[in-house]
Number of protein chains: 2
Amino acid sequence: MREFEHPEPSEITLDGVLAALADPLRRSIIRQLADGPAEQRCSRFALPVAPSTRTHHFRVLREAGLISQRYQGTAILSSLRSDDLNARAPGVLDTILAAERREHPASA
Amino acid sequence: MREFEHPEPSEITLDGVLAALADPLRRSIIRQLADGPAEQRCSRFALPVAPSTRTHHFRVLREAGLISQRYQGTAILSSLRSDDLNARAPGVLDTILAAERREHPASA
DNA sequence: TTCGTATTACGATGAATGTCGTATTTCGAT
DNA sequence: ATCGAAATACGACATTCATCGTAATACGAA
């Protein structure tokens, strides 16, 4: 029943954001969050990795300030922190997402 | 050694670009290239690392398609491949550079 | 309460990465 | 022809990172 640690908007660094987005699997998570419902449970993501690896990637994204997570029963709902990101690094997320969609059109 | 291997514009991947830009030292190189003369020699960059480490970072940037390099005497001139990058991933470089300048105003 | 689902925590492992020192190459200048 | 400066190549090392398996936790449902 605990809470997650989320960085404050002011604590979000470009370095953390780019390091998080440098991994293709994490980009696919971000992309699905951007293109789908605002809040999605972890199990909704079809990732070719073990559960514990999935957890690892979600944590990296959360600690970088890219997503926020909250509990709902046994599930965890994740959502994009678009506003905080755009305040801190305007356009970075959107341009990267656009490039990602362009480079990999089908796989959402 | 006369020639360098540069990826074609079509060979530039978002993954390579982001992986290259995930390192703060490489971002500082890119920033100096963006804010200074179009072509700059490696020794012009004041980086707190050994010469061989410097070479390593320039190669990563070159192989990712971020910069192009050519020989001029014993020196090597590096320049940003802004056009190729914007064709492949529009706005990505510019928004990242803007965020970088905003986050670290003085150090250029 | 017991069970099952969703997810995390922990520890291990192999690969990738940033760093360095040393030796080497290239080229201009002396 | 030799020297020095610029940069690379190579090999080594430590750290980080992505991955996994296993065990544990929280919560809803039966």
Side-chain angles (χ1 to χ4, degrees), chain A residues 1-6 13-33 36-37 39-79, chain B residues 1-6 13-33 36-37 39-79:
Chain A
M1 61 106 306
R2 4 183 141 80
E3 294 275 325
F4 284 107
E5 286 281 328
H6 291 91
T13 66
L14 182 62
D15 197 66
V17 169
L18 292 181
L21 291 177
D23 185 275
L25 200 135
R26 287 195 290 264
R27 277 202 305 281
S28 80
I29 294 176
I30 293 300
R31 180 177 174 184
Q32 180 169 334
L33 279 174
E39 284 190 313
Q40 299 181 43
R41 35 168 49 198
C42 295
S43 57
R44 199 168 186 283
F45 296 77
L47 305 173
V49 291
S52 49
T53 303
R54 181 192 320 241
T55 295
H56 162 69
H57 287 299
F58 274 95
R59 175 165 46 204
V60 172
L61 289 171
R62 186 182 68 242
E63 292 179 345
L66 279 156
I67 65 172
S68 69
Q69 296 187 289
R70 67 181 184 90
Y71 283 91
Q72 188 190 57
T74 83
I76 291 172
L77 297 182
S78 299
S79 55
Chain B
M1 323 325 181
R2 52 253 159 240
E3 292 281 323
F4 283 107
E5 287 281 328
H6 291 92
T13 66
L14 182 63
D15 198 66
V17 169
L18 291 181
L21 291 178
D23 185 274
L25 200 136
R26 287 196 290 264
R27 277 202 304 282
S28 80
I29 294 176
I30 293 299
R31 181 178 173 183
Q32 180 169 334
L33 280 173
E39 284 190 315
Q40 298 181 43
R41 37 168 48 197
C42 295
S43 58
R44 200 167 185 285
F45 296 78
L47 305 173
V49 291
S52 50
T53 303
R54 181 192 320 244
T55 295
H56 162 70
H57 286 298
F58 274 95
R59 175 165 46 204
V60 172
L61 289 171
R62 187 182 67 241
E63 292 180 346
L66 279 155
I67 66 172
S68 72
Q69 296 188 290
R70 69 182 183 88
Y71 281 91
Q72 189 189 57
T74 83
I76 291 171
L77 297 183
S78 299
S79 56

Quick one: are A:Leu66 and A:Val60 in side-chain contact, heavy atoms under 4.5 Å?
->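 With C-beta onward as the side chain, the pair stays apart.
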
With a 4.5 Å limit on heavy-atom distance, are the side chains of B:Leu18 and A:Arg27 in contact?
-> yes

Ignoring hydrogens and angles, does a donor from either the side chain of A:Thr74 or the base of D:dG28 sit under 3.5 Å from an acceptor on the other?
->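 Flag unset: no donor-acceptor pair detected.
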
Base, sugar-phosphate, or nothing for [X], non-hydrogen atoms under 4.0 angstrom?
X: B:His56; result: base
X: B:Thr55; result: base
X: A:Arg44; result: nothing
X: A:Arg59; result: sugar-phosphate
X: B:Thr53; result: base

Look at the side-chain N and O atoms of A:Ser43 and state whether any lies under 4.0 Å from the OP1 or OP2 oxygen of C:dT7.
->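 Answer is yes, contact under 4.0 Å.
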
Main-chain N/O of A:Ala19 paired to A:Arg26 side chain as donor or acceptor, under 3.5 Å =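 Such a contact is found between A:Arg26 side chain and A:Ala19 backbone.
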
Look at the side chain of A:Gln40 and the backbone N and O of A:Gln32, then say whether any donor-acceptor pair between them is shorter than 3.5 Å.
-> yes

What is the distance from CD of B:Glu63 to P of C:dA16, rounded to the nearest Å?
->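 In whole Å, C:dA16 P lies 14 Å from B:Glu63 CD.
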
